[in-house]
Amino acid sequence: MDKGAALASSDGVHHDRPGAIAGSAVGTGTGSSSFASWRAYGRALAQTPRRVARRALAATAPGEEMSRVRARSGADMARALRWWDLVGLGLGGMVGAGVFVTTGRAARLYAGPGVVASYAIAGLCALLSAFCYTEFAVDMPVAGGAFSYLRVTFGELAAFLTGANLIMEYVFSNAAVARSFTAYLGTAVGVDAPREWRIAVRGLPEGFNQVDLVAVAVILLVSVCICYSTKESSAVNLALTAVHVAFILFVIGMGFRHGDARNLTRPADPARSPGGFFPHGAAGVFNGAAMVYLSYIGYDAVSTMAEEVQRPARDIPAGVSGSVVVVTVLYCLMAASMSMLLPYDAIDPEAPFSGAFKGRERCAWVSNVVGAGASLGILTSLMVAMLGQARYLCVIGRSGVMPAWLARVNPRTATPVNASAFLGLFTAALALFTELDILLNLVCIGTLFVFYMVANAVVYRRYAGAGATWPTLAFLLVFSLAALAFTLAWKLAPPEPRGLRAGLLAACAALAAAAVAAFQALVPQARSPQLWGVPGMPWVPAASVFLNVFLLGSLDRPSYVRFAIFSAAALLVYVLYSVHASYDAEESGRLDVDAAGGKVQDEACTV
């Protein structure tokens with residue numbers, strides 16, 4: 001039940017037009033008591049602390065998310081996707097252009113040829129997080145993804161902050177990806193695209209003076225496609241992904257054909273670089289895993305398609321987990337072929353595959369193939385990301401914390417046209433002028449944080465209840481602190497005296513394992529999933545929490561500064577607008593939660 005709905009109204013704000021309030025919160029966006037006039041808004045702001053206390057922890061029931069909340073979009077989204085569509089979307093979202101760069105950096109800087117093991121470890125980490133997403137998506141097949149999962153678990157504020165961060169970072173990242181498409185397309189056709197295809201505008205500040213019309217055209221084209229039909233968008237994505245994977249398999253085959261197995265253990269300069277398959281030991285492999293894990297980001301967007309899946313209980317586990325497994329195999333093969341082409345200390349970290357082939361006779365043309373493959377990877381990753389971000393915004397609009405205009409689903413196309421068009425235009429405006437010094441990974445910190453939150457939410461939802469709420473919260477806090485201590489020891493502990501670092505790491509790992517074992521023995525599960533659940537509870541989500549904390553610790557300081565700025569901006573929006581819109585909607589009765597909390601599925605949804 002919605003915790004806020006159980007409380008009586010006590011802030012003293014007079015609501016003289018209940019119908020108008022409903023129109024504001026979940027209808028037209030005008031005429032509510034909080035926003036009807038400046039005086040009404042001033043009265044609402046005076047009650048902000050009380051309203052935040054009332055709404056911040058208000059959590060809806062899953063049945064409410066799947067019935068009344070979803071009904072605010074008007075028409076239903078069409079349930080037309082099957083497991084192979086989800087696998088294609090997962091592949092398209094993950095296998096972008098970034099892998100061509102990330103593999104070389106991880107091999108050169110950290111893991112050497114052991115980057116193959118780094119990809120395998122990162123793939124396992126991604127699979128653990130995918131399990132957590134899958135349990136929620138099967139139990140509650142709605143379009144909101146992590147926003148909806150956190151809203152039913154930790155309440156409105158936690159869901160809003162994480163959802164807003166994801167949308168902002170997706171928008172900035174998509175703008176950067178679209179601009180990088182120009183460069184990779186130029187590589188494919190042998191043109192210096194940044195110089196030939198971008199228009200320099202005098203008088204604008206540096207970084208904002210290169211107009212990229214190609215990037216804008218790509219974003220608008222993708223936006224039109226995802227507005228027209230999800231099924232057709234999936235078909236286009238499947239076709240592009242198939243061609244992209246064919247390019248990748250070709251590059252892998254060329255690497256094995258022209259490579260030398262001796263490069264897997266022999267550096268180019270033995271005097272300066274250690275040899276062996278693991279030249280920097282286990283530390284290098286795990287540091288490499290932290291870097292290449294960013295290449296797996298994208299499968300989370302598949303969970304936002306759950307509302308459009310015909311058989312959620314069957315298709316979502318196969319689609320999400322299957323895409324992660326296939327991508328892991330591809331990445332490991334790519335890493336192996338690259339490591340055979342050149343000794344790890346001779347790899348160009350900025351263009352590992354192109355650089356490797358350019359230096360070989362009769363193989364320079366392969367670098368053009370790499371550019372073509374990367375261009376297709378950008379298109380597929382851009383399409384999947386824009387599909388996901390539109391559905392996040394659509395469900396945020398449904399919840400009452402953003403204008404409900406964004407939640408509308410077009411009855412003819414059965415897609416969230418308003419949210420897709422709004423974010424498409426915003427992204428295109430950024431891509432037109434802004435030279436963002438990133439490729440694909442601006443989404444990393446926000447996405448890793450959401451992975452961490454979703455893994456915690458799975459444990460909380462399974463165990464909290466029947467008097468176990470505080471023990472569950474205490475376990476999650478202690479375990480997160482143990483993971484943080486391990487991460488800090490890994491990053492900061494000095495190598496001398498010998499054994500100190502290893503001892504600290506072992507102690508932190510033992511504390512984390514003991515916390516999980518004690519929690520499992522002392523706290524029984526309060527609920528069991530009806531259709532599909534994470535195996536090995538609570539060990540699997542705990543491992544996901546631990547690994548995501550570790551990976552968050554590998555990010556640089558600017559990432560945290562950016563995350564803090566976005567979070568502060570989102571909190572300001574929540575305090576000045578969202579909490580009041582949510583409160584008005586609650587007062588009008590639109591956010592009352594069905595006391596039974598029963599699950600409601602539409603007729604097109606079959607298990």
Side-chain angles (χ1 to χ4, degrees), residues 83-107 115-116 118-120 122-127 129-130 170 173-174 176-178 180-181 184-185 187-188 218 222 233-255 289 291-303 305 319-338 351-354 369-388 439-441 443-444 447:
W83 65 267
W84 53 84
D85 294 297
L86 299 184
V87 171
L89 290 168
L91 288 173
M94 285 183 277
V95 187
V99 65
F100 290 102
V101 176
T102 304
T103 306
R105 288 179 178 173
V115 70
V116 177
S118 296
Y119 269 115
L124 177 61
C125 299
L127 191 61
S129 291
Y170 267 120
S173 178
N174 288 339
V177 169
S180 69
F181 174 82
Y184 277 101
L185 183 62
T187 300
V218 168
V222 171
S233 298
S234 174
V236 172
N237 174 76
L238 278 173
L240 292 175
T241 299
V243 178
H244 183 213
V245 170
F247 272 104
I248 289 177
L249 292 175
F250 172 77
V251 171
I252 290 171
M254 292 293 291
M291 175 173 284
V292 302
Y293 184 79
L294 303 178
S295 299
Y296 287 90
I297 288 177
Y299 68 84
D300 57 300
V302 178
S303 68
M305 312 302 297
V320 177
S321 301
S323 62
V324 173
V325 171
V326 172
V327 166
T328 300
V329 173
L330 285 176
Y331 283 171
C332 289
L333 291 174
M334 286 186 70
S337 67
M338 185 199 65
F353 288 93
S354 299
V369 175
V370 172
S375 300
L376 288 174
I378 287 173
L379 286 178
T380 58
S381 63
L382 188 62
M383 177 173 291
V384 175
M386 293 186 71
L387 280 167
L439 181 61
L440 288 175
N441 296 330
V443 299
C444 61
T447 307

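Counting begins at 1 with the first residue of the sequence.
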Looking at residues at least two apart in the chain, or sitting in another chain, which of them share a side-chain contact (heavy atoms from CB on, under 4.5 Å) with Ala107? Val115, Met338, Ile347
Please name all residues satisfying side-chain hydrogen bond (donor to acceptor under 3.5 Å, both in side chains) with Ser129, sequence neighbours left out, ordered by chain then number. Ser544, Asn548
Mind listing the closest non-hydrogen atom pair of Ala130 and Val320 along with its distance? CB-CG1, 3.7 Å
Please enumerate all residues that pass side-chain contact (heavy atoms from CB on, under 4.5 Å) together with Ser337, with sequence neighbours excluded. Ile252, Phe256, Phe353
Would you say the side chain of Tyr331 lies within less than 4.5 Å of the side chain of Met94, judging by non-hydrogen atoms? yes
To the nearest 0.5 Å, atom CH2 of Trp84 lies from atom OG of Ser234 at 10.0 Å
Please report the closest heavy-atom contact between Leu382 and Ala178, naming both atoms and the distance. CD2-CB, 4.5 Å
Look at the side chain of His244 and the backbone N and O of Val95, then say whether any donor-acceptor pair between them is shorter than 3.5 Å. yes
Do you know which two heavy atoms are closest between Gly88 and Leu238, and how far apart they sit? CA-CD2, 3.6 Å
With a 4.5 Å limit on heavy-atom distance, are the side chains of Val292 and Thr103 in contact? no
Ala126: side-chain contact (heavy atoms from CB on, under 4.5 Å) partners, not counting sequence neighbours: Tyr293, Tyr296, Tyr299, Val324
Rounded to the nearest 0.5 Å, the CG atom of Leu127 sits from the OG atom of Ser323 at a distance of 9.5 Å
Once you round to the nearest 0.5 Å, how far does CG of Leu240 lie from CE of Met383? 6.5 Å
Which heavy atom in Ala122 sits nearest to a heavy atom in Ala289, and how many Å separate them? CB-O, 3.8 Å
Non-neighbouring partners of Val329 that pass side-chain contact (heavy atoms from CB on, under 4.5 Å), sequence neighbours left out: Leu333
I need the Met386 CE to Ser233 OG distance, nearest 0.5 Å. 10.5 Å
Would Leu330 and Leu249 satisfy side chain to side chain contact (heavy atoms under 4.5 Å, CB included), going step by step from the backbone distance to the final call? CA-CA 8 Å; Leu330 285 176; Leu249 292 175; 3.8 Å; yes
Atom pair OG1/CD1 of Thr241 and Ile248 - distance to nearest 0.5 Å: 9.5 Å
How long is the gap from OG on Ser303 to CG on Leu89, to the nearest 0.5 Å? 11.5 Å
